Amino acid sequence: MIDPRFLRDNPEAVERAVRLKRESADVERILALDQRRRELVAGADERKARRKTESRRIAGIRKAGGDAAEAMEAVRQLGEEIRRLDAERAALEAELEQELLRLPNLPADDVPEGEGAADNREERRHGEARRFDFAPRNHQELGEALGILDLKAAARTSGSGFFFLLGAGARLERALIDFMIDLHVREHGYLEVQSPFLVRPDSCTGTGQLPKLADDMYRIDRDDLYLIPTAEVSLTNLYRERLLAAADLPVKLVGQSHCFRREAGSHGKETTGLQRVHQFQKVELVQLVRPEASAAALESLTRDAEAVLQRLELHYRVVTLCAGDLGFASAKTYDLEVWAPGLGRYLEVSSCSNFLDFQARRAGIRFRGEDRAVRFVHTLNGSGLALPRLMIALLETFQCADGTIDVPRALRPCLGGMERIG
RNA sequence: GGUGGGAUGGCAGAGCGGUCGAUUGCAUCGGACUUGAAAUCCGAAGGGGGUUCGCCUCCCUCCUGGGUUCGAAUCCCAGUCCCACCGCCA
């Protein structure tokens with residue numbers, strides 16, 4: 001959420017952000033609502049002050065045995081006025097809140113302007129795309145031939161966009177999760193967390209999925225819960241409505257979860273195999289930091305995610321998302337895109353974002369500094385990494401001419417020493 | 001699903017119609033003492049809003065929302081959540 005006071009002082013900056021992010025919001029109207037709200041508050045406050053002093057005076061009169069009937073009647077009427085003003089204010093505030101929740105975060109200054117993926121800025125590349133002396137197959141062909149992936153059975157069981165992993169396929173995914181969590185815990189200093197997959201609507205509002213992305217999430221209507229689209233939701237909300245001590249920061253969490261996405265409106269495109277599915281596992285990194293530390297934290301969190309790809313000897317690139325491609329809640333995002341030679345394209349395996357105080361304000365995550373002042377923390381998160389697309393890159397990159405798969409060295413210990421699949 | 005108990009400042013925990021925004025303890029911060037620290041002593045300090053150059057003042061806030069009352073942390077109603085026990089169950 002945008003600080004209402006910032007909005008009041010910098011409406012043009014917010015309007016620009018809305019435009020750059022291709023959102024729609026009526027800033028004028030929000031300002032008018034806010035103005036009216038403050039008028040109502042002032043009116044009610046003045047009457048409440050009078051009621052208080054009058055009530056005390058009445059207490060004095062009665063204690064002295066006097067007749068306070070007239071004053072009591074006056075205060076009663078004051079009470080009616082207050083009730084009316086407060087009711088109007090409450091309705092207005094609810095409306096204002098809804099509007100504020102629909103305002104996107106402002107893109108950071110160093111985020112390029114632009115419409116979509118084509119305008120993203122490539123920051124760096126790591127490694128090189130592997131060259132083949134045979135025609136590389138895609139992961140679906142490889143996986144089905146090896147009997148470790150079954151999409152048809154999943155379609156019968158659950159519908160399109162689901163998959164079965166079998167044997168070494170399932171084992172590989174489990175090993176990768178272990179590998180990644182261990183790396184982040186032992187070498188990057190994260191605390192391992194296992195978090196809920198079902199969350200309340202408020203938690204989704206906290207991280208910014210609601211209200212805008214309601215259609216992209218699965219909802220359990222009967223219990224008013226949402227299936228998380230990412231562990232970001234539950235991990236970040238671990239500290240919702242809490243006041244932390246300065247010494248508690250930074251908080252660095254790593255958690256594995258299943259992620260559930262309806263993928264409404266993304267039918268048809270780039271859906272071969274495991275590229276875009278309704279349910280998948282992901283290892284997620286979340287950090288809560290002091291405001292002044294968030295820019296550096298985004299860099300280090302991104303490096304933490306990159307370390308996974310480097311150890312697995314995969315070719316990837318890092319891009320900075322342009323404003324038009326940036327998520328609703330994010331101020332700045334780096335995408336990690338891994339090379340999938342069978343598909344012949346880069347796949348987004350991680351999105352590392354700095355939300356500044358946008359999520360913290362919505363979720364009520366604050367800290368008390370050494371100066372005793374209370375401020376909102378800054379939140380960040382990034383995939384570290386998403387499993388299906390990581391598996392795609394591994395299978396396609398390390399395939400052999402005979403359709404078997406070499407296991408990268410770093411992963412072998414997690415697979416009981418297995419060197420080859422197939 | 002059933003029954004009972006509870007929700008108060010960072011935490012613990014009093015208060016149960018009238019200077020209560022709230023006693024107290026722990027934690028925190030400042031000071032004294034000390035070579036330094038601990039201990040001890042003294043002092044400060046909840047959060048939000050409005051207004052203001054800023055402060056003071058002001059308003060709200062004792063789970064949430066209604067109600068009773070001149071006046072509610074305190075009384076009434078509804079809801080939410082938490083805990084315990086029972087039942088069911090991975």
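Lettering of chains follows the sequences in order, A, B, ..., and the numbering in each one begins at 1. Values in this document were obtained by computation on a predicted structure and should not be read as measured data. Heavy-atom basis, side chains included; hydrogens, waters and symmetry copies ignored.
Atom name C1', nucleotides B:C16 and B:U8: the rounded distance is 12 Å, in whole Å. Rounded to the nearest Å, the gap between the P atom of B:C62 and that of B:G67 is 16 Å. On the P atoms, B:C33 is 22 Å away from B:A27, given to the nearest whole Å. Here, B:G5 and B:A44 have their P atoms 41 Å apart, quoted to the whole Å. B:A78 and B:U68 have their C1' atoms separated by 15 Å, with the value rounded to a whole Å. Look at the C1' atom in both B:U69 and B:C77: the space between them is 16 Å, to the nearest Å. One P atom belongs to B:G18, the other to B:A12, and the distance between them is 28 Å to the nearest Å. Straight-line distance between the C1' atoms of B:A73 and B:A22: roughly 8 Å, to the nearest whole Å.
For the pair A:R361 CZ and B:G48 P, the interatomic distance rounds to 11 Å; values are reported in whole Å. Rounded to an integer number of Å, the gap from CD1 of A:I82 to P of B:C70 is 14 Å. Nucleotide B:U64 holds its P atom 15 Å from the CZ atom of A:R200, rounded to whole Å. Rounded to whole angstrom, the span from the CG atom of A:D224 across to the C1' atom of B:G79 amounts to 14 Å. Residue A:L40 contributes atom CG, which lies 16 Å from atom C1' of B:U51 at whole-angstrom precision. Across the protein-nucleic acid pair, A:L92 atom CG and B:G49 atom P stand 17 Å apart, rounded to whole Å. If you measure from atom CD of A:E93 to atom C1' of B:U64, you get 15 Å, rounded to the nearest angstrom. Taking atom CD of A:Q35 as the reference point, atom P of B:G50 lies 11 Å away to the nearest angstrom.
Taking the six-membered ring where tryptophan is involved, the planes of A:H278 and A:F162 are tilted, since the angle between them lies from 30° to 60°.
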Review point. Given the rule in the side chain to side chain donor-acceptor pair (under 3.5 Å) test, do A:Q275 and A:R345 qualify, once you have shown the distances and angles that lead to the verdict?
Key: CA-CA 11 Å; A:Q275 287 183 85; A:R345 57 184 298 255; 2.5 Å; yes
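For the pair A:V75 and A:A42, both in contact range of RNA chain B, the more 5′-proximal nearest nucleotide belongs to A:A42. Nearest-nucleotide positions on RNA chain B place A:V374 closer to the 5' end than the other of A:E54 and A:V374.
Side-chain contact of A:T207 with A:Q359: a donor-acceptor pair under 3.5 Å is absent, judged by distance alone. Checked by atom type, the side-chain pair A:E284/A:Q256 shows no donor-acceptor distance below 3.5 Å. Between A:T205 and A:R362, the side chains place no donor N or O within less than 3.5 Å of an acceptor N or O (distance only, hydrogens not considered). A:N120 and A:D325 form a side-chain donor-acceptor contact under 3.5 Å, judged by distance and modelled atom types alone.
Using a 4.0 Å heavy-atom distance criterion, A:R242 is classed as making no nucleic acid contact. Counting non-hydrogen atoms under 4.0 angstrom, A:R240 reaches nothing in the nucleic acid. Residue-level contact check: A:R83 touches the backbone only, with heavy atoms under 4.0 Å from sugar-phosphate atoms and none from bases. Within 4.0 Å (heavy atoms only), A:R5 reaches sugar-phosphate atoms of the nucleic acid but no base atom.
The side chain of A:L243 has B:G10 as its nearest neighbour among B:G10, B:G50, B:G47. You'll find that the side chain of A:R37 is closest to B:G50, out of B:G50, B:C81, B:G10.
Applying the 6.0 Å contact sphere to CD of A:E28 captures no more than 12 heavy atoms from other residues, nucleotides or ligands. At most 12 heavy atoms of other shown residues, nucleotides or ligands fall within 6.0 angstrom of atom CG in A:D109.
One finds no side-chain N or O of A:R368 lying less than 4.0 angstrom from the OP1 or OP2 phosphate oxygen of B:G46. Checking the phosphate oxygens (OP1, OP2) of B:G49, no side-chain nitrogen or oxygen of A:R89 falls inside 4.0 Å. Between B:U69 and A:R76, no contact under 4.0 Å exists linking OP1 or OP2 to a side-chain N or O.
Stem regions annotated for RNA chain B: B:1-7 with B:80-86, B:10-12 with B:24-26, B:28-32 with B:40-44, B:46-49 with B:58-61, B:63-67 with B:75-79, counting only runs of 3 or more consecutive pairs of Watson-Crick or G-U type with both contacts under 3.5 Å.
Using modelled atom types, no side-chain atom of A:R368 and backbone atom of A:L244 make a donor-acceptor pair closer than 3.5 Å.
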Distances under 3.5 Å between nitrogen or oxygen atoms of protein and nucleotides 55-62 of chain B:
residue : atom : partner : partner atom : Å
B:C59   : O2'  : A:D45   : OD1          : 2.5

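Taking the six-membered ring for Trp, A:F328 and A:F358 have ring centres closer than 6.0 Å.
With A:E23 as the fixed residue, the salt bridge (charged side-chain N to carboxylate O under 4.0 Å, His left out) test singles out one of A:K212, A:R16, A:R102: A:K212.
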